[in-house]
Structure formats: C-alpha cells, structure tokens
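The next block holds one structure in the form of structure tokens; read it before the comments.
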Protein chains: 2
Amino acid sequence: MLDESTEDDRSLAARIARALAAQIVSGALKPGERLRQDQIAQAFKASHVPVREAFRRLEAQGLVVTEPRRGVRVARLDPSDVMEVAEIRASLEALALRHAVPKLAASDLDRARQALENCIGKTEVADWEAANRAFHESITTPCGLPRLNAAIADLHRTSARHLFATWQTLDWQPRSDDEHRAILKAIEAKQVDTAVELLSKHVLEAGHALAAALEKQ
Amino acid sequence: MLDESTEDDRSLAARIARALAAQIVSGALKPGERLRQDQIAQAFKASHVPVREAFRRLEAQGLVVTEPRRGVRVARLDPSDVMEVAEIRASLEALALRHAVPKLAASDLDRARQALENCIGKTEVADWEAANRAFHESITTPCGLPRLNAAIADLHRTSARHLFATWQTLDWQPRSDDEHRAILKAIEAKQVDTAVELLSKHVLEAGHALAAALEKQ
DNA sequence: GATCAATAATAGATTATCTATAATAATGCC
DNA sequence: GGCATTATTATAGATAATCTATTATTGATC
C-alpha cells in the first residue's frame with residue numbers, strides 16, 4: 001500500500017481495481033455514479049470477468065456498493081461516514097503508533113521529518129495529501145502489523161476521497177503543521193502516551209473539519 | 001453479518017464465498033491448502049467466474065492469500081496473527097461500545113443477558129463461540145456505525161477460526177463468564193469508561209490465551 | 001547427482017452465448 | 001386524458017469452450 005509500484009499489479013483485475021479506485025478517490029467518478037461492467041471492460045480493453053473481480057475488491061474497500069441484479073455504483077459520501085472513518089482511523093493509528101514507537105529506527109524518524117517538511121507550503125490538495133499520508137505512514141507502518149497497516153491504508157484512501165470531495169483545488173488552505181510537529185516531538189522524546197493521544201486527537205479533529213465542510217456543501 | 005439469513009445471498013459468488021468461509025473457519029479447509037478454481041467450480045456446479053469473485057471476497061477478509069499465477073491458498077495461522085487480530089478487535093470493540101452505550105435499548109440489554117446465559121455450560125466449542133459472539137454483538141452493534149460493525153464482524157470470523165483451530169472439541173473448557181458479567185454490570189450502571197476498559201482487556205486476554213495455546217501445538 | 005530442456009497442469013483471460021431481472025416504453029382500459 | 005398493466009429492452013449475472021502464459025514436473029544429458 002505504501003510503495004504503489006510494488007503493489008500487486010500482476011493481474012488485470014488488480015490493475016483495473018487500482019485505476020478505478022484512483023478515479024473514485026480523485027472524484028473523477030462521482031458518488032452514486034453507475035459503473036457498467038461492459039463499458040468499463042471496453043475502456044480497459046478487457047472482458048467482463050476481471051472487471052467483476054475488480055468490483056469485488058472495490059466493494060471490500062467501501063469505494064463502491066453493489067445492488068444485486070442492478071450492478072455497482074460509486075459509494076455515496078455523507079458526513080456521518082466521514083466521521084466514522086475518522087474515528088476508526090484514530091483508534092487504529094493510535095494502536096499502530098503505540099506498537100511502532102519502540103521499534104522506530106533513525107531512518108523512520110528521518111522519513112517523518114522529511115514528510116513534515118513536505119507538507120509545508122503545498123498549494124495543491126493532492127500534494128498536501130500525499131505528504132500528510134507519508135507522515136502518518138512513516139510513524140505507524142513500523143509497527144510491523146500487516147493487517148493493521150492494510151486496514152489503515154484502506155482508511156487513508158477513503159479519507160483522501162473525503163478530502164478531495166470537500167476542498168476544491170482553488171480554495172484549499174493547508175492545515176497548520178503544529179499538530180504534526182507536536183506528535184513528532186513526543187515520539188522523539190519517547191513519550192508514547194502523549195504521542196498516541198496527540199495523534200488520535202489530530203485525526204479526529206481533521207475528521208471534524210472535513211465533516212463540517214461537507215455539511216456546508 | 002449479524003443475521004446470516006439476511007445477508008446478501010443473491011449472487012452465486014456471495015454464496016460460494018460464504019460456504020468457503022465457513023469451511024475455512026471451521027477448519028474443514030486446512031491452512032496452506034490450495035483452492036483450485038476449477039475443482040471448486042465443479043463442487044458448486046458453477047463456472048470459474050463466480051469462484052474467482054468469491055476468492056476476491058475471501059482475500060479481503062484475510063481468509064485466503066493469492067499468489068499471482070499460482071492461485072489461492074487458505075491463509076496460514078500463526079500466533080502473531082492471533083494477537084494482531086485480538087489487538088485490533090480490542091480497539092474497535094472498545095470504540096463501538098463507547099458509541100453504543102448511550103444508545104442501548106432495553107431489548108439490547110435483554111439480548112446481552114440472554115447471550116451471557118447461553119454461554120454457560122456449553123460443551124461444544126462451536127456453541128460457545130456462537131453465544132460468545134452474540135454477547136459481543138449485542139453490546140457493540142447498537143453503535144450504529146456500519147463500517148465499524150462490518151470490520152468487527154470480519155475480525156470475529158477470524159477469531160472464531162483461531163479458536164476452532166486451537167481448541168479441539170474434546171478438550172474444550174469454556175472460559176469463565178465472570179468477565180462478561182462484569183462488562184454487563186458496568187454497562188447497566190452506565191459506567192462507560194469502566195465497561196470499555198473491561199471489554200478491551202477481556203478481548204486481549206482471550207487473544208493471549210489463544211496465541212499461547214497455538215504456540216504449544 | 002546436478003542441470004537444463006521438454007512436457008503437463010493450471011491460473012488468468014477472452015469470446016460468444018444464455019437467462020433473469022429491472023427499467024422503460026407501449027398498450028389497453030375506465 | 002390519466003392510469004394500471006403488459007411488452008420490450010438493456011444489462012447484470014452466469015455458462016462454456018477456448019486460448020495464452022507461467023509454474024511445476026518429468027526426463028534426458030553431461
């Protein structure tokens with residue numbers, strides 16, 4: 001999930017799922033939009049079989065919903081879902097961080113510092129999202145728990161979708177990086193409880209901001 | 001996930017996935033065993049297309065792993081995975097319970113008491129597992145958070161697999177129901193923090209017991 | 001006995017075809 | 001004319017036969 005180039009691209013279904021996921025996250029495919037299997041098969045010069053497999057992957061990630069005998073459509077966005085994802089992310093990233101702190105190597109902290117710097121001055125939402133995600137992953141993935149890391153990566157994907165859907169490119173104002181800095185400081189001081197608490201609050205607050213913005217639309 | 005009869009059984013792929021999941025959880029399909037798509041298609045009198053879709057569902061649930069160009073096999077069981085699932089379950093059930101307590105209706109508490117009673121005196125592991133799961137679900141699903149409930153249900157499935165793999169039917173000795181009773185008591189007294197803390201510890205301890213038993217094998 | 005080529009098995013994918021269902025259009029009825 | 005009911009159509013879901021590419025296995029060679 002981290003390094004996208006190493007991800008399983010060996011099957012056509014996996015490639016189609018990844019391409020569709022990117023389009024859903026970016027907003028190119030709108031919430032509620034129907035995904036017709038034959039049409040998508042044509043677009044990817046494939047048959048309907050790998051397309052259907054891709055649908056099952058996307059369904060598991062919560063990016064599409066299947067209505068039996070009526071096909072699949074892009075999952076709808078609502079503020080309650082935004083907050084639910086934020087709550088789950090806060091819980092799981094907190095758990096991951098707690099396990100990661102004792103294992104953090106100097107290179108992990110370097111990555112975190114670098115990602116923190118990269119967040120600064122980003123005017124494009126997509127650029128900021130990538131740097132923000134890199135920061136979160138740099139401090140959580142070293143927990144070494146594969147299921148947990150996969151679950152968090154899935155939630156990040158959905159969070160990114162919420163972000164792109166809410167803030168348009170033009171009126172995007174990056175969040176202050178004070179919270180990231182405080183989290184990193186606590187980690188460097190090996191104050192696990194403080195770091196976990198700060199990370200959890202940070203994710204929840206970001207979720208609140210997103211949900212509030214979505215309400216206004 | 002809760003009431004299995006209402007689950008989506010409309011597609012053949014969903015039915016195949018459910019049947020295979022049940023066989024993997026029960027242990028009828030052994031860890032590491034190859035699942036040949038043509039063989040399974042024959043067994044279900046189906047073609048390979050819905051079988052492949054079923055594989056994608058099972059993959060998302062962590063019950064099988066896909067090796068590109070080499071097919072799928074039943075996911076292996078190791079003590080580290082048991083503990084990881086327990087940790088994630090503890091976090092997410094705690095979150096669910098926190099949201100559920102203020103919403104719990106009298107009927108939910110009745111269900112919980114009934115499930116608690118049903119745990120007593122069960123000699124078959126499968127019976128105890130069903131009653132235990134009913135207890136946990138009775139107090140967490142009322143949180144009303146669909147993603148969270150689905151994630152917890154998936155983890156319960158995997159926990160059940162760990163349980164069935166570890167304890168054989170003959171030497172199964174049910175855990176004491178004291179912990180369940182204490183959790184319920186705290187919920188009834190609306191002591192949210194206490195209840196959440198007890199539930200989290202309870203899930204972790206059960207995980208430890210399972211992991212230890214698996215180490216011994 | 002190890003190495004490499006030939007062979008077999010099968011995952012992954014295509015294509016054409018079929019059925020069942022849901023949405024839409026057309027028809028009859030009051 | 002407006003409305004319920006019945007064709008029609010589009011498409012999801014599924015099948016079957018077939019094809020290719022890759023992995024695994026066997027056998028021959030040194």
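Labels below follow one simple rule: chain letters A, B, ... track the order of the sequence lines, proteins then strands, and each chain is numbered from 1.
The CZ atom of B:Arg70 sits 9 Å away from the P atom of D:dT25 (whole-angstrom rounding). Atom CG of A:Asp38 and atom C1' of C:dC18 are 14 Å apart (whole Å). Between the P atom of D:dT11 and the CD atom of A:Glu67 lies a distance of 15 Å, rounded to the nearest Å. Atom CD of A:Glu53 and atom P of D:dA14 are 13 Å apart (whole Å). Taking atom CZ of residue A:Phe55 and atom P of nucleotide D:dA12, one finds them 8 Å apart after rounding to whole Å. Atom P of nucleotide C:dA22 and atom CZ of A:Arg73 are separated by 14 Å, given to the nearest angstrom. If you take CZ of B:Arg36 and P of D:dT23, they are 16 Å apart, rounded to a whole angstrom. Separating the CD atom of A:Gln42 from the P atom of C:dA16 is a distance of 12 Å, rounded to the nearest angstrom.
Side chain to side chain, A:Arg56 and A:Thr66 meet the donor-acceptor criterion of an N or O pair below 3.5 Å. For the residue pair B:Glu87 / A:His99, a side-chain donor-acceptor distance below 3.5 Å is found, with atom types taken as modelled. B:Thr140 and B:Glu93 share no donor-acceptor pair across their side chains, judged by distance under 3.5 Å alone.
Relative to the side chain of B:Leu12, the nucleotides C:dT10, D:dT15, D:dG13 differ in distance, and D:dT15 lies closest. Across C:dT15, C:dA22, C:dA11, the shortest atom-to-atom separation from the side chain of A:His48 is found for C:dT15. Closest to the B:Gln37 side chain, of the nucleotides C:dG12, C:dT15, D:dT23, is C:dG12.
For the pair A:Val196 and A:Val101, the minimum side-chain heavy-atom distance is 4.5 Å or more.
Nearest-nucleotide mapping onto DNA chain C: of A:Arg34 and A:Ser47, the residue sitting toward the 5' end is A:Ser47.
The phosphate of D:dT23 (OP1 or OP2) has a side-chain N or O of A:Arg10 nearer than 4.0 angstrom. The side chain of A:Arg52 places no N or O atom within less than 4.0 Å of a non-bridging phosphate oxygen (OP1 or OP2) of D:dA12.
Remark: B:Lys122 NZ is packed, more than 12 non-hydrogen atoms of other residues, nucleotides or ligands lying under 6.0 Å away.
Across all strands shown, B:Arg69 has heavy atoms under 4.0 Å from base atoms, whether or not it also approaches the sugar-phosphate.
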